[in-house]
**Student:** 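My questions all concern the structure below.
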Amino acid sequence: MFDMQAATSQTFEQHFLTFARLFADSSLDLLNQKLTASLDVECFLEASSRSQRSMVGSARLAWPENADEVLGLQWLLVQKLAREPRGLLNFAHTYYTVGRNVTGELHSLTRQLLIPFARDYKDYVMAMERSKVEASLSSVASDIGSAPAHITYHINGNNARVKHQSIDNSVNSVTVSSTVMNCIQDLRDEIQRAPLSEEQRGAAVDVVDEVEAQIASGKPKRAILAALLASLPAMESITSIGNNLLGALKTTGVM
């Protein structure tokens with residue numbers, strides 16, 4: 001996000017394409033399909049174009065009332081602009097007008113559309129994953145008459161096992177590889193070095209804390225981690241570390 005906020009009209013496209021790819025990760029396919037089902041971004045843009053009058057800056061995007069539909073249309077819009085990046089400037093000029101300042105209009109697009117979209121998308125993914133977990137637990141409880149007394153997960157090492165409907169008095173812990181921990185620390189270090197405001201830095205640190213908590217839980221979801229990492233400042237170094245982290249989690253079998 002910071003890269004797009006600091007970009008000029010000549011460099012904005014590169015950072016925007018990186019941003020768009022993060023939300024089209026294959027691990028998010030099912031969620032994205034559900035989010036965008038029955039939505040038509042072309043019809044949305046056609047309806048929006050009819051709001052434009054003779055005065056510059058009069059056009060308004062025709063967002064629906066339903067929050068999930070808004071989010072789905074935002075996702076479709078981001079992906080459409082990523083496929084047709086030459087339309088970025090015209091779209092920003094039409095709907096996020098700032099006089100004749102092209103770069104200012106791209107920054108307005110970032111503040112008013114892309115940043116809120118990234119925040120709401122992360123919340124949506126995490127809410128969907130929580131719902132899936134709750135539904136799974138409810139199903140298990142229904143099958144056995146009551147929830148199991150203890151469920152112990154050992155996900156790494158030679159003693160990987162799951163104890164179900166039994167009591168385990170051993171001390172349980174999740175071992176995370178040094179490669180994964182190094183990636184998390186690299187993220188923290190890069191965020192501290194990055195030219196961010198205190199508010200941006202604090203928000204980014206909170207995201208990394210959540211990433212680490214997801215991993216430490218022993219049952220991290222790729223979709224949640226991908227959404228969290230996508231919400232970090234869209235700087236090449238941070239994105240690269242995030243990709244390395246996902247790769248390390250897959251290689252070590254944690255995810």
Side-chain angles (χ1 to χ4, degrees), residues 1-5 7 9 11-129 131-132 223-224 226-234 239:
M1 287 297 184
F2 179 80
D3 282 356
M4 289 189 290
Q5 288 178 287
S9 57
T11 60
F12 185 88
E13 179 181 319
Q14 172 193 350
H15 302 306
F16 173 77
L17 293 177
T18 298
F19 172 84
R21 281 195 296 270
L22 292 171
F23 296 95
D25 187 90
S26 60
S27 67
L28 300 169
D29 282 349
L30 291 178
L31 287 173
N32 288 334
Q33 289 169 15
K34 180 176 181 178
L35 184 63
T36 59
S38 76
L39 296 177
D40 189 326
V41 72
E42 298 299 337
C43 289
F44 165 72
L45 290 173
E46 174 62 26
S48 298
S49 69
R50 292 196 290 269
S51 69
Q52 188 166 14
R53 302 292 183 263
S54 58
M55 183 181 299
V56 174
S58 61
R60 298 290 184 271
L61 290 167
W63 299 115
E65 293 184 4
N66 182 276
D68 284 351
E69 290 182 1
V70 171
L71 187 62
L73 284 169
Q74 289 175 337
W75 187 91
L76 289 170
L77 185 56
V78 167
Q79 299 309 315
K80 174 181 171 62
L81 292 172
R83 293 191 303 271
E84 305 167 10
R86 292 185 179 182
L88 266 171
L89 292 178
N90 183 60
F91 179 82
H93 179 65
T94 301
Y95 296 106
Y96 297 92
T97 309
V98 183
R100 296 183 178 181
N101 187 334
V102 176
T103 296
E105 288 170 343
L106 291 172
H107 291 171
S108 178
L109 169 72
T110 301
R111 290 191 304 272
Q112 298 184 56
L113 175 64
L114 302 181
I115 290 177
F117 162 68
R119 177 199 63 217
D120 294 344
Y121 186 88
K122 179 190 73 173
D123 291 343
Y124 170 80
V125 171
M126 296 185 70
M128 292 297 292
E129 289 297 331
S131 296
K132 287 165 60 177
I224 289 182
L228 286 169
L229 293 171
S231 69
L232 288 171
T239 300

**Student:** side-chain contact (heavy atoms from CB on, under 4.5 Å) for Phe23 and Ser231? Distances and angles first, verdict last.
**Tutor:** CA-CA 9 Å; Phe23 296 95; Ser231 69; over 6 Å; no
**Student:** Restricting to non-hydrogen atoms, name the atom on Asp25 and the atom on Ser27 that form the minimum distance, rounded to 0.1 Å.
**Tutor:**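 Looking at all heavy atoms of both residues, the closest pair is OD2-OG, 2.6 Å.
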**Student:** Within the side chain of Glu105, is there an N or O that forms a donor-acceptor pair under 3.5 Å with the backbone of Thr97?
**Tutor:**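 Not confirmed, Glu105 side chain does not pair with Thr97 backbone.
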**Student:** For a quick test of reading the model, state the closest non-hydrogen atom pair linking Ala20 to Val78 and the distance between them.
**Tutor:**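 Scanning both residues, the minimum pair turns out to be CB-CG1, 3.7 Å.
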**Student:** Hey, does the side chain of Thr18 reach the backbone of Gln14 with a donor-acceptor pair shorter than 3.5 angstrom?
**Tutor:**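 Yes.
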**Student:** If you compare all heavy atoms of Ala223 against all heavy atoms of Leu31, which two are closest, and at what distance to 0.1 Å?
**Tutor:**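 Smallest heavy-atom distance, with atoms named: CB-CD1, 4.0 Å.
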**Student:** Of all heavy-atom pairs between Ala230 and Leu22, which one has the smallest distance, and what is that distance?
**Tutor:**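 In terms of heavy atoms, the two residues are closest at CB-CB, 3.7 Å.
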**Student:** For the side chain of Ser9 and the backbone of Thr103, is there at least one donor-acceptor N/O pair under 3.5 Å apart?
**Tutor:**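 No.
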**Student:** Angle class for the Phe91/Tyr96 ring planes (parallel below 30°, perpendicular above 60°, tilted otherwise)?
**Tutor:**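 The arrangement is tilted - the two ring planes meet at 30° to 60°.
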**Student:** Given side chains that start at C-beta, do those of Phe44 and Leu39 come closer than 4.5 Å, heavy atoms only?
**Tutor:**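 Phe44 vs Leu39: side chains apart.
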**Student:** With side chains defined as the heavy atoms from C-beta onward, is the minimum distance between Leu77 and Leu45 less than 4.5 Å?
**Tutor:**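 Answer yes - side chains close enough.
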**Student:** Just how far is it from atom CG of Leu229 to atom CD1 of Ile224, taken to the nearest 0.5 Å?
**Tutor:**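 Result: 11.5 Å between the selected atoms.
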**Student:** Would a distance-only check, ignoring hydrogens and angles, find a side-chain to backbone donor-acceptor pair under 3.5 Å from Thr36 to Asn32?
**Tutor:**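 Yes, because the side chain of Thr36 sits within donor-acceptor range (under 3.5 Å) of the backbone of Asn32.
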**Student:** Could you grab the distance from atom CG of Leu76 to atom CG of Leu35, nearest 0.5 Å is fine?
**Tutor:**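 Nearest 0.5 Å value for the CG-CG distance: 7.5 Å.
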**Student:** Do any N or O atoms from the side chain of Asp68 and from the backbone of Tyr124 form a donor-acceptor pair under 3.5 angstrom?
**Tutor:**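 Pair absent, no side-chain N/O of Asp68 close to backbone of Tyr124.
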**Student:** Roughly how far, to the nearest 0.5 Å, is CD of Glu84 from CD of Gln79?
**Tutor:**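 One gets 12.0 Å once the value is rounded to the nearest 0.5 Å.
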**Student:** Closest heavy-atom contact between Gln112 and Ser108?
**Tutor:**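 Of all heavy-atom pairs spanning Gln112 and Ser108, the closest is NE2-OG, 2.6 Å.
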**Student:** How are the rings of Phe117 and Tyr121 set relative to one another: parallel (under 30°), tilted (30 to 60°) or perpendicular (over 60°)?
**Tutor:**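 Rings of Phe117 and Tyr121: tilted, 30 to 60°.
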**Student:** Which of these passes side chain to side chain contact (heavy atoms under 4.5 Å, CB included) with Leu106: Leu89, Leu114, Asn101?
**Tutor:**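 Running side chain to side chain contact (heavy atoms under 4.5 Å, CB included) over Leu89, Leu114, Asn101 with Leu106 returns exactly one hit, Leu89.
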**Student:** Walk me through whether Ile115 and Arg119 qualify under side-chain contact (heavy atoms from CB on, under 4.5 Å).
**Tutor:** CA-CA 6 Å; Ile115 290 177; Arg119 177 199 63 217; 5.7 Å; no
**Student:** Please step through side-chain contact (heavy atoms from CB on, under 4.5 Å) for the pair Leu113 and Gln74, ending with a clear verdict.
**Tutor:** CA-CA 8 Å; Leu113 175 64; Gln74 289 175 337; 3.8 Å; yes
**Student:** Testing the basics here: between Ala82 and Phe16, what is the closest heavy-atom pair and its distance to 0.1 Å?
**Tutor:**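 Closest pair (atom of Ala82, atom of Phe16, distance): N-CE2, 3.6 Å.
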**Student:** Should Leu109 and Met4 count as side-chain neighbours, where that means a heavy-atom distance under 4.5 Å?
**Tutor:**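 Heavy-atom side-chain distance check fails, nothing below 4.5 Å.
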